[in-house]
Amino acid sequence: MFGAHKPLAYDDSGHHSRGVSNRPEANVLRRVSMIRWSQQCIPTLKESPQDAEIPSHQLMLRAGLIRKLAGGLYTFLPMGLRALRNVERVVREEMDRAGALEILMPALHPRDIWDRTGRYDVLSDVMFKIKDRQQRELVLGPTHEEIVTDLVAREISSYRQLPKNFYQIQTKFRDEIRPRFGLMRAKEFIMKDAYSFDVSSEVADVSYQAMYDAYVRIFSRCGLRTKIVEADTGAMGGQSSHEFMVLADSGEDGIVECESCSYAANLERAETGDMPPLVFDDADKTLEVVDTPNARTIAEVAAFFDTTPAQMVKTLVYIADDQPVVVLLPGDRDVNEIKLARVLGASELNMADDAQVGKITGAPTGFAGPVGLKNVRLIADRKLAGCCGAITGANEVDKHLIHFDLARDVGDVELADLSFAREGDPCPRCGETLHEKRGIEVGHVFKLGTKYSEKLGALYLDESGKQHPAVMGCYGIGVTRTLQAIIEQRHDEHGIIWPASVAPYPVEILVISAKHEPSVALAEKLAIELEAIGIQVLIDDRDERPGFKFKDADLLGLPVRISVGEKSLARGVVEVKSRATGEMTEHAPEAVLEVVQALVEEAV
RNA sequence: CGGGGCGUAGCGCAGUCUGGUAGCGCGGUAGCUUUGGGAGCUAUAGGUCGGGGGUUCAAAUCCCUCCGCCCCGACCA
């Protein structure tokens with residue numbers, strides 16, 4: 001894979017084609033380009049700094065890739081930067097291949113443009129806001145929809161100029177509520193963001209698919225196993241979206257996937273298939289009020305009746321855009337407020353406070369129930385359809401109702417999917433079992449529609465001279481997050497296991513003893529030969545004990561390690577070890593080049 | 001912002017409860033020995049104990065206050 005994207009072509013004269021000739025001064029340049037550990041800055045750490053929690057964060061610090069300036073702000077050291085640039089290179093190559101056009105937009109934006117779409121308020125909490133010397137208000141860009149759309153509004157006027165897809169690889173700034181896990185969630189991070197503009201929704205789908213396909217290639221080339229899930233569009237707006245998730249226990253996002261079909265979704269969006277009605281006893285038992293002193297929470301009431309929370313009907317009071325709404329759920333389920341807000345069409349949604357609950361239900365918080373409520377919108381989770389024999393609040397202090405039957409006691413209720421899917425639920429597509437996983441969101445593709453193009457005037461003229469807003473898509477990859485996700489997914493107890501595509505260097509030559517002249521000479525010779533065929537090498541030439549250098553080699557995790565030492569040299573061989581497989585082989589120095597080249601090409 | 005924890009040498013930590021001249025390991029520097037999986041010995045440098053205020057004869061230790069960092073929850077690439 002590595003070789004495939006970085007051709008090692010020679011021209012007819014047999015000279016290396018990458019701008020290096022056989023003139024003597026060129027050899028000098030090559031020698032200078034040989035990277036010696038002793039002259040690099042690779043500050044490895046034996047122990048893990050105490051403020052790093054997850055493996056990838058610890059390893060980035062320990063392997064000397066990054067250092068922290070402050071919470072959510074990191075410096076990339078040489079090895080970290082090289083790996084970062086490699087991720088960027090993969091992204092750039094695939095974006096270019098997909099026909100996207102690279103541009104670079106400012107990180108500083110005038111406030112005005114954010115006001116024009118109303119997102120100054122929507123994203124107010126995450127934006128860093130500053131003023132210049134004239135007291136003009138500026139923000140540090142958390143994303144760039146407004147900026148590209150403004151560009152397109154100015155530059156594109158005809159259907160003949162479409163489709164277009166602009167992308168950039170640039171630093172974003174977000175005042176994160178809680179920066180976390182090193183580069184995973186930082187206040188300043190590098191993102192590849194792309195924006196497509198099309199003449200119609202149908203063609204926009206083609207652009208969307210092209211990005212989706214490019215993302216599959218990008219993450220695969222980065223050596224990542226990703227899970228693609230259906231996602232909510234959130235503050236971005238728009239119709240549909242997919243997230244590219246790296247499965248990891250430390251992931252901040254919950255997802256569910258079906259064990260049988262291809263269904264997978266972010267928990268925010270995941271649906272649940274039909275489940276059998278919740279029937280707990282005979283339907284003919286009549287509703288009964290029971291004293292339940294001091295039992296308010298679901299757990300307390302369930303304990304009081306010696307049953308499980310599943311038999312409860314949870315009654316929650318919300319205020320949606322100033323209107324009260326009563327929400328019913330199975331007692332062992334949590335509301336998914338994103339789903340709820342969507343169903344209600346509400347832009348603001350808050351739990352009612354105790355006073356509001358008292359006013360609406362006539363009872364203190366903890367005893368709310370659906371029976372007898374008047375003048376309030378009632379909405380129930382779909383899983384409650386046909387529910388009977390349940391227990392719920394009686395809207396009176398210290399009282400609950402038993403033998404509750406939703407249809408009988410409340411009548412026709414609005415039903416909707418309002419709860420979070422969870423482990424063991426049936427798949428909405430095929431009915432088989434859903435499993436819950438954790439994931440790191442490394443990429444996100446959205447179909448945006450015309451929200452931004454309308455507000456910012458990104459209009460084009462069609463064949464008949466009629467004006468239309470361009471149909472947009474937007475596509476993000478967290479580049480710095482992807483880098484860390486690679487480490488999170490590819491490490492062992494000794495250190496990082498880089499894919500060759502991203503590794504700071506594909507090969508390390510470890511000189512067992514820096515004082516053994518023949519070893520040093522051979523190591524340098526091999527390095528020069530490898531560089532001549534386009535494989536860059538890091539030589540560990542430090543005058544350290546071998547064990548020390550082996551540990552560092554495993555920590556840094558370059559894909560191929562060549563060890564040159566007196567003992568093996570006495571037998572006429574050097575050792576070649578693959579970091580990924582741990583497989584070690586011995587070869588005569590003349591044979592090493594070929595072996596290493598093959599290993600590097602494999603080591604994705 | 002709510003809840004929990006931490007801040008002592010470059011890194012990892014002890015010392016704080018019970019106030020009395022600031023320690024350990026790793027790392028750094030110099031030397032000798034050692035050299036195939038984070039070496040040994042010797043010498044040596046390095047700390048306003050996060051900042052400020054207070055109590056006290058005396059504060060890393062007790063009190064007040066501010067700051068920073070980490071973890072759990074609400075947001076996102």
Side-chain angles (χ1 to χ4, degrees), chain A residues 43-54 57-58 61-62 64 67-73 91 122-127 142-144 169-194 215 231-236 241 243-246 250-253 266 268 337-338 349-351 439-446 474-485 494-495 510-516 519 542-555 561 563-570 574-575 577 584:
Chain A
T44 56
L45 268 16
K46 187 148 86 175
E47 288 168 299
S48 181
Q50 54 127 49
D51 57 5
E53 186 85 355
I54 64 173
H57 187 195
Q58 293 174 344
L61 260 5
R62 287 191 52 213
R67 283 295 182 263
K68 182 169 77 176
L69 171 65
L73 300 172
V91 169
V122 177
L123 294 177
S124 186
D125 290 345
V126 298
M127 283 201 280
T143 176
H144 281 73
I169 294 176
Q170 201 232 27
T171 301
K172 306 288 190 214
F173 299 87
R174 293 189 189 170
D175 191 359
E176 286 292 341
I177 300 167
R178 178 145 93 90
R180 220 191 304 217
F181 301 147
L183 304 180
M184 282 299 184
R185 175 181 300 279
K187 287 184 173 156
E188 180 185 318
F189 62 97
I190 296 172
M191 175 159 129
K192 184 288 302 174
D193 47 327
Y215 277 29
D232 189 79
T233 50
M236 207 61 89
S241 85
E243 287 171 346
F244 288 71
M245 294 286 193
V246 172
S250 60
E252 294 187 75
D253 292 275
N266 189 307
E268 290 171 354
E337 294 188 355
I338 291 163
L349 185 70
N350 292 302
M351 287 278 265
I440 300 161
E441 183 189 356
V442 287
H444 202 157
V445 292
F446 292 88
C474 77
Y475 317 94
I477 289 179
V479 176
T480 36
R481 180 183 285 182
T482 297
L483 178 66
Q484 190 171 335
H494 303 295
L510 192 155
V511 183
I512 303 278
S513 169
K515 292 203 177 83
H516 186 242
S519 297
R542 292 175 298 172
D543 186 12
E544 293 286 352
R545 296 172 63 84
F548 186 89
K549 295 200 275 193
F550 284 131
K551 290 288 186 193
D552 264 357
D554 288 343
L555 221 205
R561 186 186 83 198
S563 308
V564 182
E566 193 171 357
K567 286 186 185 170
S568 49
L569 228 41
V574 298
E575 287 164 15
K577 186 176 181 184
M584 177 126 75

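Letters A, B, ... are given to chains in the order of the sequence lines, protein chains preceding strands, and every chain is numbered from 1.
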Pairwise C1' distance for B:U56 and B:G20, with rounding to whole Å
12 Å
Sugar-phosphate only, base, or nothing, as touched by A:G71 at under 4.0 Å among non-hydrogen atoms
sugar-phosphate
Re B:G7: Watson-Crick or G-U wobble partner, both distances kept under 3.5 Å, found to be B:C67
Check every atom of B:A77, B:G12, B:G37 against the side chain of A:P49 and return the nucleotide holding the closest atom.
B:G12
For B:G2, what is the paired nucleotide under Watson-Crick or G-U wobble rules, both distances under 3.5 Å?
B:C72
Could you work out the separation of B:C24 and B:G46 based on their C1' atoms and round it to a whole Å?
15 Å
Answer for the Watson-Crick or wobble partner of B:A77, both distances under 3.5 Å, is none
Which whole number of Å gives the distance between the C1' atom of B:U8 and that of B:G50?
10 Å
Would you tell me if any nitrogen or oxygen in the side chain of A:K46 comes within less than 4.0 Å of OP1 or OP2 on B:C26?
no
For A:S48, report the nucleic acid contact type (base, sugar-phosphate, nothing); a contact means any heavy atom under 4.0 Å.
sugar-phosphate
Within the pair A:R481 and B:C76, is there a side-chain N or O less than 4.0 Å away from OP1 or OP2?
no
Could you tell me whether A:I477 contacts a base, only the sugar-phosphate backbone, or nothing, with contacts defined as non-hydrogen atoms closer than 4.0 Å?
nothing
Could you check whether A:A186 gets within reach of a base, just the sugar-phosphate, or nothing at all, counting any heavy atom under 4.0 Å?
base
Reckon A:D125 touches a base, only the sugar-phosphate, or nothing at all at heavy-atom distances under 4.0 Å?
nothing
So for A:D253 and B:C76, does any side-chain atom that can act as donor or acceptor lie under 3.5 Å from a complementary atom in the base?
yes
Proximal nucleotide (of B:G25, B:C76, B:G36) relative to the A:E47 side chain
B:G25
Selected nucleotide, minimal atom distance to A:D552 side chain, candidates B:C69, B:U34, B:G38:
B:G38
Would you mind telling me which of B:G36, B:A77, B:G37 lies closest to the side-chain atoms of A:K577?
B:G37
For the side chain of A:K567, starting at C-beta, report the closest nucleotide among B:A77, B:G36, B:G12.
B:G36
Below 4.0 angstrom from OP1 or OP2 of B:C13, is there any side-chain N or O of A:Q50?
yes
Given atom CG of A:D543 and atom P of B:G31, what is their separation to the nearest angstrom?
12 Å
Kindly confirm whether the side-chain ring of A:F550 is stacked on the base of B:G36, judged by centres under 5.5 Å and planes under 30°.
no
Can you find a heavy atom in the side chain of A:F173 that is under 4.5 Å from one in the side chain of A:M127?
no
Close side-chain approach of A:R481 and A:V246, heavy atoms under 4.5 Å:
no
Watson-Crick or G-U counterpart of B:C49, or none if no pair lies under 3.5 Å:
none
Would you mind reporting whether A:P43 and A:R67 have side-chain heavy atoms less than 4.5 Å apart?
yes
In whole Å, I'd like the distance from the CE atom of A:M584 to the P atom of B:G37.
11 Å
Atom pair distance, as rounded to whole Å: CG in A:D193 and P in B:A77:
11 Å
Is the closest side-chain donor-acceptor distance between A:H516 and A:S519 under 3.5 Å?
yes
Please report the distance separating the C1' of B:C63 from the corresponding atom of B:A39, rounded so that it comes out in whole Å.
49 Å
Compare all side-chain heavy atoms of A:I440 with those of A:Q484 and state whether any distance is below 4.5 angstrom.
no
Measuring from the side chain of A:D51 (C-beta onward, heavy atoms only), which nucleotide among B:C70, B:C1, B:G38 has the closest atom?
B:C70
A:E544 CD to B:A39 C1': how many Å, rounded?
11 Å
Contact class for A:K187 vs. all strands (heavy atom < 4.0 Å): base, sugar-phosphate, or nothing?
nothing
Does a side-chain heavy-atom distance below 4.5 Å link A:P49 with A:R62?
yes
Look at all strands and tell whether A:F181 reaches a base, only sugar-phosphate, or nothing, counting heavy atoms closer than 4.0 Å.
sugar-phosphate
Under 4.0 angstrom, heavy atoms only, what part of the nucleic acid is A:R67 near: base, sugar-phosphate, or nothing?
nothing
Taking N and O atoms by type only, does the side chain of A:S563 place a donor or acceptor under 3.5 Å from a partner on the base of B:G36?
no
Roughly, in whole Å, what's the span from NZ in A:K515 to P in B:C32?
10 Å
Pairing partner of B:G20, by Watson-Crick or G-U wobble and under 3.5 Å for both distances, is B:C57
Protein-nucleotide distance (A:E268, atom CD; B:A77, atom C1'), rounded to Å:
13 Å
B:C76 and B:G37, which share atom name C1', separated by this distance in whole Å:
42 Å
Using atom C1' in both nucleotides, what's the gap between B:C64 and B:U55 to the nearest angstrom?
11 Å
For A:R561, report the nucleic acid contact type (base, sugar-phosphate, nothing); a contact means any heavy atom under 4.0 Å.
base
In whole Å, I'd like the distance from the CZ atom of A:R178 to the C1' atom of B:C69.
12 Å
Less than 4.5 Å apart, side chain to side chain, heavy atoms only: is that true for A:K187 and A:D175?
yes
Go ahead and name the base partner of B:C32; Watson-Crick or wobble counts if both distances stay under 3.5 Å, otherwise write none.
B:G40
A:R180 side chain, from C-beta outward: closest of B:A77, B:G37, B:C72:
B:C72
Could you pick out which residue, A:A52 or A:H494, lies toward the 5' side of RNA chain B when each is mapped onto its nearest nucleotide?
A:H494
I'd like the C1' distance from B:A9 over to B:G23, given in whole Å.
11 Å
Counting the atoms with a prime plus P, OP1 and OP2 as sugar-phosphate, which does A:L555 contact under 4.0 Å by heavy atoms, base, sugar-phosphate, or nothing?
base
Base B:C75 paired with A:R174 side chain (donor-acceptor, <3.5 Å):
no
Could you tell me which non-hydrogen atom of A:I512 sits nearest to which non-hydrogen atom of A:G565, and how far apart they are?
CG1-CA, 3.5 Å
At under 4.0 Å between heavy atoms, what does A:E243 touch on the DNA or RNA strands: base, sugar-phosphate, or nothing?
nothing
Taking NZ from A:K68 and P from B:C11, how many angstroms apart are they, rounded to a whole number?
11 Å
Just do the side-chain contact (heavy atoms from CB on, under 4.5 Å) check on A:K172 and A:H144 with the steps written out, would you?
CA-CA 9 Å; A:K172 306 288 190 214; A:H144 281 73; 2.6 Å; yes
Distance from A:E544 atom CD to A:D552 atom CG, nearest 0.5 Å?
8.5 Å
Both A:I512 and A:G476 contact RNA chain B. Which one's nearest nucleotide lies toward the 5' end?
A:I512
B:G5 to B:G25 separation - C1' atoms, rounded to the nearest Å
24 Å
